[in-house]
Amino acid sequence: MPGYINIDNRPETEPDKCLDILEGLPYADNSVDEVRAHDILEHIPIGKTVAVIEDIYRVLRPGGTFESLTPSTDGRGAFQDPTHCSFWNKNSWLYYTHDAYISLYGTKAKFAGTVEDHVTDEENKVIHTLARLIKC
């Protein structure tokens, strides 16, 4: 995407940085204005998603924005792709946006913002969850 530092773990996509985000983002704490994770989080193994979200939170400056787009489990898109290994919907973001859910597991990341579902392919019944969040 123009205007962004594009990160991917696959060199064939010709990213600006080729790295595995499971190993952490190569940025200092509180140094990034915006992170966009479109169709990425569903490829993170389910036991590693909290660490990835917390690393995104770590690098974002206070008030920085995080935008995530993932196929929702409320549609077929989450399950139709055999490379998906974690599953998301609007409620998934409660663990990063509401105090009661955050304290349940002690997650460090805390965001405020909006989380909405959008039908992105009516014929195939695909819904995406769009989270537009700000670091608290």
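When every heavy atom of C136 is checked against every heavy atom of A112, the shortest pair comes out as SG-N, 3.6 Å. Scanning both residues, D39 and P71, for their nearest heavy atoms gives OD1-CD, 3.7 Å. Nearest heavy atoms, A109 versus I102: O-CD1, 3.9 Å. The two residues L41 and S68 have their closest heavy-atom pair at CD1-OG, 3.3 Å.
Here the side chain of T97 pairs a donor or acceptor atom with the backbone of W93 at under 3.5 angstrom. Counting only distance, with no hydrogens or angles, the side chain of D55 and the backbone of L25 share a donor-acceptor pair below 3.5 Å. Looking at K17, its side chain never comes within 3.5 Å of a backbone N or O of I7 through a donor-acceptor pair. Remark: side-chain polar atoms of K135 are paired, donor with acceptor, to backbone N or O of L60 under 3.5 angstrom. Although no hydrogens or angles enter the test, the distance criterion places no donor-acceptor pair under 3.5 Å between the side chain of Y4 and the main chain of E34. In terms of modelled atom types and a separation under 3.5 Å, the side chain of H84 and the main chain of A78 share a donor-acceptor contact. The backbone N or O of L22 lies less than 3.5 Å from a partner atom in the side chain of D20, making a donor-acceptor pair. Listed for the S86 side chain is no donor-acceptor partner under 3.5 Å among the backbone atoms of H43. The backbone N or O of C18 lies less than 3.5 Å from no partner atom in the side chain of D8, so there is not a single donor-acceptor pair. Between the R132 side chain and the T65 main chain, no donor and acceptor come within less than 3.5 Å of each other.
Between I127 atom CD1 and E116 atom CD the span is 13.5 Å, to the nearest 0.5 Å. Note that the CD atom of E54 and the OG1 atom of T49 stand 9.5 Å from one another [nearest 0.5 Å].
A distance of 6.0 Å or more separates the ring centres of Y96 and Y101.
You'll find the side chain of L19 reaches within 4.5 Å of the side chain of P26, heavy atoms only. Side-chain contact check for V126 versus H128: some heavy-atom pair is nearer than 4.5 Å. With a 4.5 Å cut-off on side-chain heavy atoms, D29 and V59 do not count as touching. Residues T70 and L130 have side chains not in contact (no heavy-atom distance under 4.5 Å, counting atoms from C-beta outward). Counting heavy atoms from C-beta on, the side chains of V115 and T129 come closer than 4.5 Å. Using a 4.5 Å heavy-atom cutoff, the side chains of I44 and C85 are not in contact. For the pair I21/I40, a side-chain contact is recorded, criterion being any heavy-atom separation below 4.5 Å from C-beta on. By the 4.5 Å heavy-atom criterion applied to side chains, D121 and E123 are counted as neighbours.
With sequence neighbours excluded, no residue forms a salt bridge (Lys or Arg N to Asp or Glu O under 4.0 Å) with R76.
Residues L94 and I53 share a single hydrophobic cluster, defined by chaining ILVMFWY side chains whose heavy atoms lie under 4.5 Å apart. Hydrophobic clustering, with ILVMFWY side chains joined whenever heavy atoms are under 4.5 angstrom apart, groups V35 together with I5. A single hydrophobic cluster is not seen to contain both F87 and V52; linkage of ILVMFWY side chains at heavy-atom distances under 4.5 Å, directly or through other members, places them apart. Both F66 and V32 belong to a common hydrophobic cluster when Ile, Leu, Val, Met, Phe, Trp and Tyr are linked at side-chain heavy-atom distances under 4.5 angstrom. Note on I134 and Y27: separate hydrophobic clusters, where clusters join Ile, Leu, Val, Met, Phe, Trp and Tyr whose side-chain heavy atoms are under 4.5 Å apart, directly or indirectly.
Between Y105 and Y95, the ring-plane angle classifies as tilted under the 30° and 60° cut-offs.
Taking a 6.0 Å sphere around CD of E122, one finds it holds 12 or fewer heavy atoms contributed by other residues, nucleotides or ligands. Residue E14 qualifies as open at atom CD: its count of foreign heavy atoms under 6.0 Å is 12 or below. Annotation: H98, atom NE2; neighbour count of heavy atoms from other residues, nucleotides and ligands within 6.0 Å does not exceed 12.
Side-chain contact check for T73 and N89: at least one donor-acceptor pair (N or O, by modelled atom type) lies under 3.5 Å.
A salt bridge does not link D117 with K90: none of the charged nitrogens is closer than 4.0 Å to a carboxylate oxygen.
Both the sub-6.0 Å distance and the 45° axial angle are not jointly satisfied by K108 relative to the ring of Y57.
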Determine, stepwise, if the pair K125 / V119 fulfils side chain to side chain contact (heavy atoms under 4.5 Å, CB included).
-> CA-CA 7 Å; K125 297 179 176 59; V119 176; over 6 Å; no
